[in-house]
Structure formats: C-alpha cells, structure tokens
Amino acid sequence: MTQSVVILGGGTAGWMTASYLRAAFADRVDITVVESRRIGTIGVGEATFSTVRHFFDYLGLSEADWMPECNGTYKLAVRLENWRAPGTYFYHPFERMRVVDGVPLTDWWQKVGGTGSFDRDCFLIPWLCDAKASPRYLDHRLFEQDFDEDPDRPLYRTTLAEQNTQFPYAYHFDASLLADFLCRYAVGRGVHRIIDDVVDVRLDERGWIDRLVTREHGDLTADLYVDCSGFRSRLLGDALGEPFVSFQDSLPNDRAVALRVPVDTAVRGIRPCTTATAQDAGWIWTIPLYDRIGTGYVYAADYCEPEEAERVLRDFVGPAAADLEANHIRMRIGRSHRAWVNNCVGIGLSAGFVEPLQSTGIFLIQHAIEQLVRYFPGTDRDPVLRDTYNLSTARAIEGVREFLILHYRGAARADNDYWRDAKKRPVPEDMAVRMEQWQSKLPDNDTTYPYYHAFEPYSYVCMALGLGGIPLRHPPALDLLDTRAARAELTRVREQARKLVDTLPSQVEYLSGLR
Ligand SMILES: Cc1cc2nc3c(=O)[nH]c(=O)nc-3n(C[C@H](O)[C@H](O)[C@H](O)COP(=O)(O)OP(=O)(O)OC[C@H]3O[C@@H](n4cnc5c(N)ncnc54)[C@H](O)[C@@H]3O)c2cc1C
Ligand SMILES: N[C@H](Cc1c[nH]c2cc(Cl)ccc12)C(=O)O
C-alpha cells in the first residue's frame, strides 16, 4: 500500500489535502508538507460552496471551531450586478427550485409573470441577502426551509457525492488564516511540516519522481507526491512536463488585482453573499469578511492594462482604498491534460483553474482530495484508479468551465468590445446544443452538463433568467396547464420571505454573538 505522501505547497490546497488525508488515513499513511517561506501563497480565495460543510465535518470541525479564527462569515448566494445592464442585479442562491404540479416554479414564473424579479419571486434567499439577514436565529436555529431531512444533522464522513439536501449557505473566510488553521490542525495530528524550497526534482528511468531536492533539508522521497505548488505546477507541469489545456479562448479573463479593505462592520453591516459587479473588461468581487472586505478586479489583459485595472478597483472601493497595497495576479486559465501522472497528483492551482466567478477553486480542491482518497493507489499502481481519477477531475473542471462561459455568452451587456466579443468566443460543441435547447425550455437535468461538476439545473436557470441575453420561451404545455397552484406558490414565497426578514437577526448581530 502507499505508505508515504509528500505534499509540495502550503497554500489552501496543500493544507486542505494534508488535513483531509490525515483525517482519512490516520497514521497509516505518513504525510509531509514542504512549503517555501520565500514563495508566497496566492493570498486570495475567500468564498466557497455550501458543500464545503462536507470537508469541515469530515475533519470533525464545527463552525465555532474555525469561523472566528478565520474571519468567517456566511454566504447565501452570489449577487450579480450590472451583468444585464448597469444598475441591475440578481442572485444565484444556495436554494433549490420549488416544483408545482411537476413543473419548476421558474418555468411557471415565465408563464404567469410576477413582479419582474424572478429571484425574489421564486426564492427566499434573495430577500435575506437584500436585508443583510443572518440565516440563523440567535438560538442558532436555521431559518425554515423545506428540507427532506434535518439540515443541521452532522454530515460526518460523507462526501460531495452524498449531497442530499441543498444547505442554504456557504462561507467567506480569510484564505491565509484558513491555511494557517488547517496547518495547525494537521501538524497537531502528526503531519510533518518542512519550511524549505524544493530546488530540484529528480526522475527515475521510468519518468516517475524519485525525490525532491530541498535547499536545506536534503532529499525528500515518498510513494506519492502531491503537487500543491500553485500556478507554478512545479512537479506536474514543470518536472513531469504534463501538457496544459488552455481555456483562454472561451474564458479570456487572465489577470486580477486585489485589495484587502478594513471596514467598520457595525456601521456597514455584512451582506451574506459574494457580489460580482460587471465592469468594462471583467468584473469585481466583493467578499465581506468579519472585519474587512476582500475585493478584486478580474479582467482580461487583452482589454485592460494593470494600471487601469488598479485605478478602476480603487475608484470602486473609494477613499477606503487609499494607502492600501494592491496585489496584482497573473492567472493561468485551463487545466492540466492529466491531473495525476505516474506517482504525482496535482491539486489546486497546479492542476487547473478557471477564473474565480462563482467561487469554484476550493470546491475543485475538495473534489480532487475526495477522489484521491477514493482512488488512492496501492502498491500495484493499478492504472485504472489513476485513469478514473483523471476522468472525474477533468469532467468537474470542464463542467465548471461551461457554467462560467454561460455568464459571458448569456450576459445582455454589449456596450463595448469586451462584452460584444464575449458573444463570439468559441463554446464546447455540446454546450452550443444545450444553449439552443434552453431557448425552448429553461435548463433541466436533460439539458445541462451531464457529469458531476457541482452545479444543478437551478443554477443554470438563475443565470439564464438573470443575465438577460438568451431569448427564452416558456414551454407550450404551460398554456394548457392550470396555473392556480403555481400562482398560490408564488404568493407563498413572498409571504414566507417577508416573515423571515421580519424575524431573523442581522448577520452582524448573529456573528458577533459567536465571538
Ligand atoms: C484572483 C483569484 C481569486 C480567487 N477567488 C476564489 C474564491 O473566491 N473561492 C475559491 O474557492 N477559490 C478562489 N480562487 C482560487 C483559490 O485562490 C485557490 O484555489 C487556492 O488558494 C489554492 O491555491 P494553491 O494552494 O493551489 O496555491 P498557492 O496558494 O499559490 O500555494 C502554493 C504553495 O506552494 C509553495 N511552493 C511553490 N513552489 C515551491 C517550491 N519550489 N518549494 C517549496 N514550496 C513551493 C508556496 O510556498 C505556497 O505555499 C481564486 C484565485 C484567484 C487567482
Ligand atoms: N453543489 C452546489 C453548487 C451551488 C449551488 N448553488 C450555488 C450558488 C453559488 Cl453562489 C455557488 C455554488 C452553488 C452547492 O454548493 O450547494
């Protein structure tokens, strides 16, 4: 059996991998993390999926264990501003679609209309986000949801594949603080930590990694090497030469500039969502942490220079940006042809990355780690385990890629070359077929990317209705069906939402009580 693992990299990917493998295999696998003091981590990556709960539960960590130490806040949705037109916004919530007489409520909404805001008419979470409400009451009860089982039940050692209900929130956290927290968790459970630079990688005659040469700690050998070295891809891409499949043709945003903005939470409040505000050459993220805002402009270098991007971001933030140091980032958009080659598995930025719209980076890390445990190599190095791992992880990022392409192809904005060009970029052949299908009926299980990539049809429906750039018709069947039950459900949503807004505490009030 594989008895030893060396992980190169101490960023989010490295310490998520180390802590999860330790929780999975205990001391039956020896784990070492080697990380450079000289090479920094990417320093961003602060919003997640709701399913990250599976990760924390697997480690036996409750919110109270890690949120206060990582500046954590709740994320109920992504709020997309100015994608349809300046001054407009809509939400992509962690909330499954209600179904009436076998038809999703959003399809009914297309037929019977509503107030004009599909998200507030069909979902509860947009109301909570607008009100900056907490998803929990002060006695810690979760707000009422039509769950088919107790939403707060511990998930124990379940995985993404076992997501039965749609938990209504995810998290925002300080990426550096989380990596530090997980480092303490892992080292405290026997993971070895070496602070040093890997200065060379030696391969054997088969082209497998024989050892990592460090500057001050000699050579490191293991049965399996996990490359968490970030965009450098020091092992998988650099040493093993695995080809990189670029997504640049369909996702042109390849730069970012970020600021960490201190805020007075008591004055500003904490909107429980990530905001993505469309700009002339990309979009700006706003991630509200407990005592600061994480914000950054994700843009395409072909349409905007770094200096202009920084100016736009500073203007967007306002006077609070004065004297703050900007972090300029080059992003490598795409994926390694294979994430697992010989005795090396890439996880995190080293294996692939799509721009951070919809916060998919940490989900892809979590998925990769779960699959690594599922397909962990034995001494016989069965290539089927490796090949199945590679197929699953490639499909996950390809599905995320499609979902992100939809944001640009589907945005009604066409007020400059960047947004007009976005409509002309190539899309995967199967996706073109699906986009045609969506015009006749909103996305459903039969017309969305068919392999696991975390996003469900309701996410695609929110984009199709919210972005405004795809011509949409309701299916003719709805002209023949009785609409009364659907109209009653639309009224019920609004009544429930108003009651929640009136009774839930603010997120600031609830989180302050946890400290
Ligand atoms: C602008 C931007 C915004 C993002 N926003 C989000 C978000 O909101 N949500 C989300 O889920 N994801 C987001 N991501 C992705 C997220 O940041 C990454 O998935 C996550 O931080 C993982 O990074 P990493 O650990 O792979 O790499 P890094 O953080 O870059 O860590 C690399 C590590 O490798 C070490 N290293 C490298 N080379 C060597 C060497 N030779 N010797 C020793 N050590 C070495 C470094 O010291 C470092 O510890 C974002 C990414 C970007 C670029
Ligand atoms: N697996 C889903 C993915 C998902 C569902 N709704 C959203 C909303 C946002 Cl902002 C990101 C991801 C998802 C989950 O995590 O629940």
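Indexing begins at 1, ligand by ligand and atom by atom, following the structure's order. Hydrogens, waters and symmetry mates play no part in the numbers below; they use all other heavy atoms, side chains included.
The shortest heavy-atom distance from Leu8 to ligand 1 is under 4.0 Å. The closest approach between a heavy atom of Phe353 and any atom of ligand 1 is below 4.0 Å. Within the 4.0 Å heavy-atom shell around ligand 1 one finds Trp285.
Closest heavy-atom approach to atom 33 (C) of ligand 1 among the candidates Cys228, Ala13, Gly14: Cys228. Looking at Ile329, Val44, Thr41, Val257, it is Thr41 that brings a heavy atom closest to atom 48 (C) of ligand 1. Distances from atom 46 (C) of ligand 1 to the heavy atoms of Ile39, Asp200, Asp238, Ile347 show the closest one on Ile39. Considering each of Ile42, Asp197, Asn327, the one bringing a non-hydrogen atom nearest atom 28 (P) of ligand 1 is Ile42. Between Val198, Ile194, Val34, it is Val198 that holds the heavy atom closest to atom 40 (C) of ligand 1. For atom 4 (C) of ligand 1, the choice among Pro356, Ser359, Ser229 with the nearest heavy atom turns out to be Pro356. Summarising the contacts of atom 18 (C) of ligand 1 with Leu357, Leu349, Thr12, the nearest heavy atom is found in Leu349.
Using a 4.0 Å cut-off between charged nitrogen and carboxylate oxygen, Glu398 and Arg335 count as a salt-bridge pair. Ionic pairing of Arg292 and Asp174 is present here: one or more N-O contacts between side-chain nitrogen and carboxylate oxygen are shorter than 4.0 angstrom. Salt bridge Asp130/Arg120: present, at least one basic N to carboxylate O contact under 4.0 Å. Using a 4.0 Å cut-off between charged side-chain N and carboxylate O, Asp227 and Arg234 make no salt bridge. Salt-bridge formation is detected for the pair Asp197/Arg215: a Lys NZ or Arg NE/NH1/NH2 atom is positioned less than 4.0 Å from an Asp or Glu carboxylate oxygen. The pair Glu63-Arg53 does not count as a salt bridge, with every side-chain nitrogen at least 4.0 angstrom from each carboxylate oxygen. Under 4.0 Å is where a charged nitrogen must lie from a carboxylate oxygen, and between Asp30 and Arg22 no such pair does. For the pair Glu307 and Arg311, the salt-bridge criterion is not met [side-chain N within less than 4.0 Å of a carboxylate O]. Salt bridge status for Arg184 with Glu69: present, with a side-chain N to carboxylate O gap under 4.0 Å. No salt bridge links Arg332 with Asp254; every basic N to acidic carboxylate O contact stays at or beyond 4.0 Å.
To the nearest 0.5 Å, the span separating CD1 on Ile365 from CD on Glu370 amounts to 12.5 Å. Interatomic distance, Cys122 SG to Met97 CE, rounded to the nearest 0.5 Å: 7.5 Å. Rounded to the nearest 0.5 Å, atoms CZ (Phe118) and CZ (Phe123) are 6.5 Å apart. Atoms NE2 and CG, on His407 and Leu251 in that order, are 10.5 Å from each other to the nearest 0.5 Å.
Considering backbone and side-chain atoms alike, Phe231 places every N or O at 3.5 Å or more from each N or O of ligand 1. Note: no N/O pair closer than 3.5 Å links Gly43 and ligand 1 by distance alone. Here's the thing with Ile365: none of its N/O atoms is less than 3.5 angstrom from an N/O atom of ligand 1.
Residue Gly10 has at least one heavy-atom neighbour below 4.0 Å for each of these atoms of ligand 1: 33 (C), 48 (C), 49 (O). Atoms of ligand 1 found under 4.0 Å from any heavy atom of Gly348 (numbered from 1 in listed order, with element): 26 (O). Of all atoms in ligand 1, listed by their number and element, those nearer than 4.0 Å to a heavy atom of Asp196 are 43 (C). Shown in contact with Ala256 at under 4.0 Å from a heavy atom are these atoms of ligand 1, numbered in order with element: 1 (C). For ligand 1, the atoms closer than 4.0 angstrom to any heavy atom of Arg232 are 38 (N).
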Show me a pair-per-line table, with atom names and distances to 0.1 Å, of protein N or O atoms that are under 3.5 Å from an N or O of ligand 2.
residue	atom	partner	partner atom	Å
ligand 2	1 (N)	Gln163	OE1	3.3
ligand 2	1 (N)	Ala454	O	3.0
ligand 2	6 (N)	Tyr458	OH	2.8
ligand 2	15 (O)	Ser50	N	3.2
ligand 2	15 (O)	Ser50	OG	3.3
ligand 2	15 (O)	Thr51	OG1	3.4
ligand 2	16 (O)	Ser50	OG	2.6
ligand 2	16 (O)	Gln163	NE2	3.4
ligand 2	16 (O)	Gln166	OE1	3.1
ligand 2	16 (O)	Gln166	NE2	2.8

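Here Trp340 and Tyr389 bring their ring centres to under 6.0 angstrom of each other.
With hydrogens and angles disregarded, no donor-acceptor distance shorter than 3.5 Å links the side chain of Gln358 to the backbone of Leu404. Looking at Gln248, its side chain does come within 3.5 Å of a backbone N or O of Pro252 through a donor-acceptor pair.
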(request) Using the ring pair (Phe, Tyr, Trp, His ring centres under 6.0 Å) rule, take His367 and Tyr452 through it: C-alpha gap first, then chi angles, then the decisive distance, then the call. (result) CA-CA 10 Å; His367 178 255; Tyr452 179 77; 5.5 Å; yes
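Taking atom 35 (C) of ligand 1 as the reference point, the nearest protein heavy-atom neighbour is Gly9 CA, 3.7 Å. Protein heavy atom at the shortest distance from atom 10 (C) of ligand 1 is Ala47 O, 3.4 Å. Of the protein's non-hydrogen atoms, the one nearest atom 44 (N) of ligand 1 is Ser36 N, 3.0 Å. For atom 14 (N) of ligand 1, the closest non-hydrogen atom of the protein is Gly45 CA, 3.7 Å. Here the protein heavy atom with the shortest distance to atom 27 (O) of ligand 1 is Gly230 CA, 3.4 Å. Nearest protein heavy-atom neighbour of atom 11 (O) of ligand 1: Ile362 N, 2.7 Å.
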